[in-house]
Amino acid sequence: MSLYKNLFKQTAVYGLATVLPRMLSFLLVRLYTDYLPNSEYGEVSVIFSWMVFFNVILAYGMETSFFRFYNTDSSRNVVSTSTISIFWSSMFFLFAALVGRNYLAEWSDIDVQYITYTIWILVLDALVIIPFSKLRADGRPIYYAAIKIGNVFVNLGLNVVFIAWLPKWAVSNPEGFWEMIYKEDFQIGYIFVSNLIASFLTLMVLAPHYFKIRWSFDRELWRRMMRYSLPVLVAGVAFAINEAFDRILLEKLLPDNIAKAEVGIYSACYKLALFMTLYATAFRLGIEPFFFSYAKNESAPKAYAMITKYFVIFGSVILVCVVVFSDILKVLLIDNKSYWDGMKVVPLIIIANFFLGIYHNLSVWYKLTDKTKMGAYISIVGAIVTLVLNFVLIHEYSYMGSAIATISAYGTMMIISYFLGNKYYPIPYDMKKIGGYLGLSIALSLLYFYKFRENYFVGIAVIIIYAVFIYRNERETLQRVLRRK
């Protein structure tokens, strides 16, 4: 049990590094929905969706490759080679993108100044990929968390100043300093200026990494890392399509007079899946180094099976609780009623992100067997499902069609990964219990939301029923844990 306790302690630390920044950044959603019309928030969401896509391109799987080789090759060579690779690829992208930014603006129908800000943000974020990975590999989660949290505090603070306070200060002091820096109708621009400053300061904090490493490039190691990482890149692109391309397609496929507003509504309500996303992300950050370091242990498959079961247990509790209280959360997090029409997608998006988290746990088989191409193929299947269903459903069902496409894509990936994993790296998952927890939590959540929504007597009863179900099935384990304390 000490193995699992240590693992979950590590996950909790990385969870803090992930959850707190994301929680703080979620305040930005409240800020944007309070101050921006649906259409303007939709435009911001589309740009952020493109950023998700290009973040994957600029990382090109090197982070995962870093962890794969850090424990098996010379760590100094891995650090220096991956750093140099990311550095020069980022410089090439910066030059090419700035030269072609007017073409990008015309092609994407996005203001060229927003394109310029986005290019710089993408490059600055790419340059900290390996420094952050090095912190995780060296077991420095506190420092990692502090930098992540600091980035968000800067970004959040600047957004509040520029969007909420600066216009008032400029009006109250028309001849003063604030009037000089205030630019009318520049709310979207201020969002990207804030992000740019935060990314720049983060790079400055991590800049010593670039001065401490040996600037030696191991070509043979780089080739091996690239052979490992390129399938991860393909998988990452497919994931970006699954995660963010629905907003882009909504803008392109819906009528011009409603497209950006619909994107804004969908993007805001999508954020209510935050708690599941945070849980899955924190778990992945804590567990990914463990998967690789523990792989040679004879009991590894059994440990992986146990970890996945408890991931499903905790995730299913989050699913039920968030769905039951989603209409309370919407008041706290999205207090603009013009966005509430999109609440119907919330259970589907939470379940979809739960499926994605399970998929990440199941994906250990292709990472440990160096069959990352299989992971790419699975992600491509998910991307195809996403694209096809969005094209088919958006015209008829708008963003509800996008939600259906998302849950279908992640569910398909989860199922395919499970069956292929059984073939290439068998893990003794307790499928009876995992299937029971997953199925019952989904059924109770959907039944409550679409039949008894905002009836909290029923909602509390649903939570109690599910808690009793877990206790009855996990009683022996819970008692062992309590006795050890």
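Just so it is clear, the values below take in all heavy atoms, side chains as well, and ignore hydrogens, waters and symmetry mates. Numbers here are sequence positions counted from 1.
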- Can Tyr32 and Asn159 be said to form a side-chain contact (heavy atoms from CB on, under 4.5 Å), step by step? CA-CA 9 Å; Tyr32 298 157; Asn159 269 275; 2.8 Å; yes
- Test log, rule ring-ring contact (aromatic ring centres under 6.0 Å, His included), inputs Phe275 and Phe325: CA-CA 12 Å; Phe275 301 98; Phe325 295 111; over 10 Å; no
- Go through the steps for Tyr410 and Val385 under the test side-chain contact (heavy atoms from CB on, under 4.5 Å), then give the verdict. CA-CA 9 Å; Tyr410 290 150; Val385 172; over 6 Å; no
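Note that Lys148 lies in the cation-pi zone of Phe132, set by a 6.0 Å cut-off to the ring centre and a 45° limit from the axis.
When side chains are defined from C-beta on, Leu333 does not count as touching Lys271, because their heavy atoms never get closer than 4.5 Å. Side-chain contact between Ile351 and Leu446 is present, with heavy atoms from C-beta onward closer than 4.5 Å. Side-chain contact between Ile470 and Tyr466: present, with at least one pair of heavy atoms (C-beta onward) separated by less than 4.5 Å.
Between His360 and the choices Phe239, Tyr366, Trp365, the ring pair (Phe, Tyr, Trp, His ring centres under 6.0 Å) rule is met once, by Phe239.
Taking the six-membered ring for Trp and the full ring otherwise, the centers of Trp50 and Phe245 sit less than 6.0 Å from each other. Two rings, from Tyr437 and Phe469, have their centers less than 6.0 Å apart. Between Phe162 and Tyr190, the ring centre distance stays below 6.0 Å. For Tyr35 and Tyr41, the ring centers sit 6.0 Å or farther from each other.
The minimum heavy-atom distance between Leu319 and Ser441, with the atom names listed, is CD2-OG, 3.6 Å. Pairing each heavy atom of Met431 with each of Tyr418, the nearest pair is CG-OH, 3.2 Å. Taking every heavy atom of both residues into account, Leu135 and Tyr144 meet most closely at CD1-CA, 4.0 Å. Closest approach of Leu36 and Tyr339 over heavy atoms only: O-OH, 3.1 Å. Here the shortest heavy-atom pairing between Ala126 and Ile86 reads O-CG2, 3.3 Å. Of all heavy-atom pairs spanning Gly375 and Tyr359, the tightest one is O-OH, 3.8 Å.
For the 3.5 Å distance criterion, the side chains of Tyr60 and Ser85 qualify, holding a donor opposite an acceptor. A side-chain N or O of Asn242 and one of Thr386 form a donor-acceptor pair less than 3.5 Å apart. Side chains of Asn155 and Ser194: no donor on one and acceptor on the other come within 3.5 Å. Between the side chains of Tyr117 and Asn195, no donor-acceptor pair of N or O atoms lies under 3.5 Å.
Other residues, nucleotides and ligands contribute over 12 non-hydrogen atoms within 6.0 Å of the CH2 atom of Trp169.
Checked against side-chain contact (heavy atoms from CB on, under 4.5 Å), Val234 has the following partners two or more places apart in sequence or in another chain: Ala376, Ile380.
For residues 244-254, the set of pairs meeting the side chain to side chain donor-acceptor pair (under 3.5 Å) definition, not counting sequence neighbours, comprises Asp246-Tyr266. Note on residues 253-265: pairs passing side chain to side chain donor-acceptor pair (under 3.5 Å), not counting sequence neighbours, are Glu262-Ser398.
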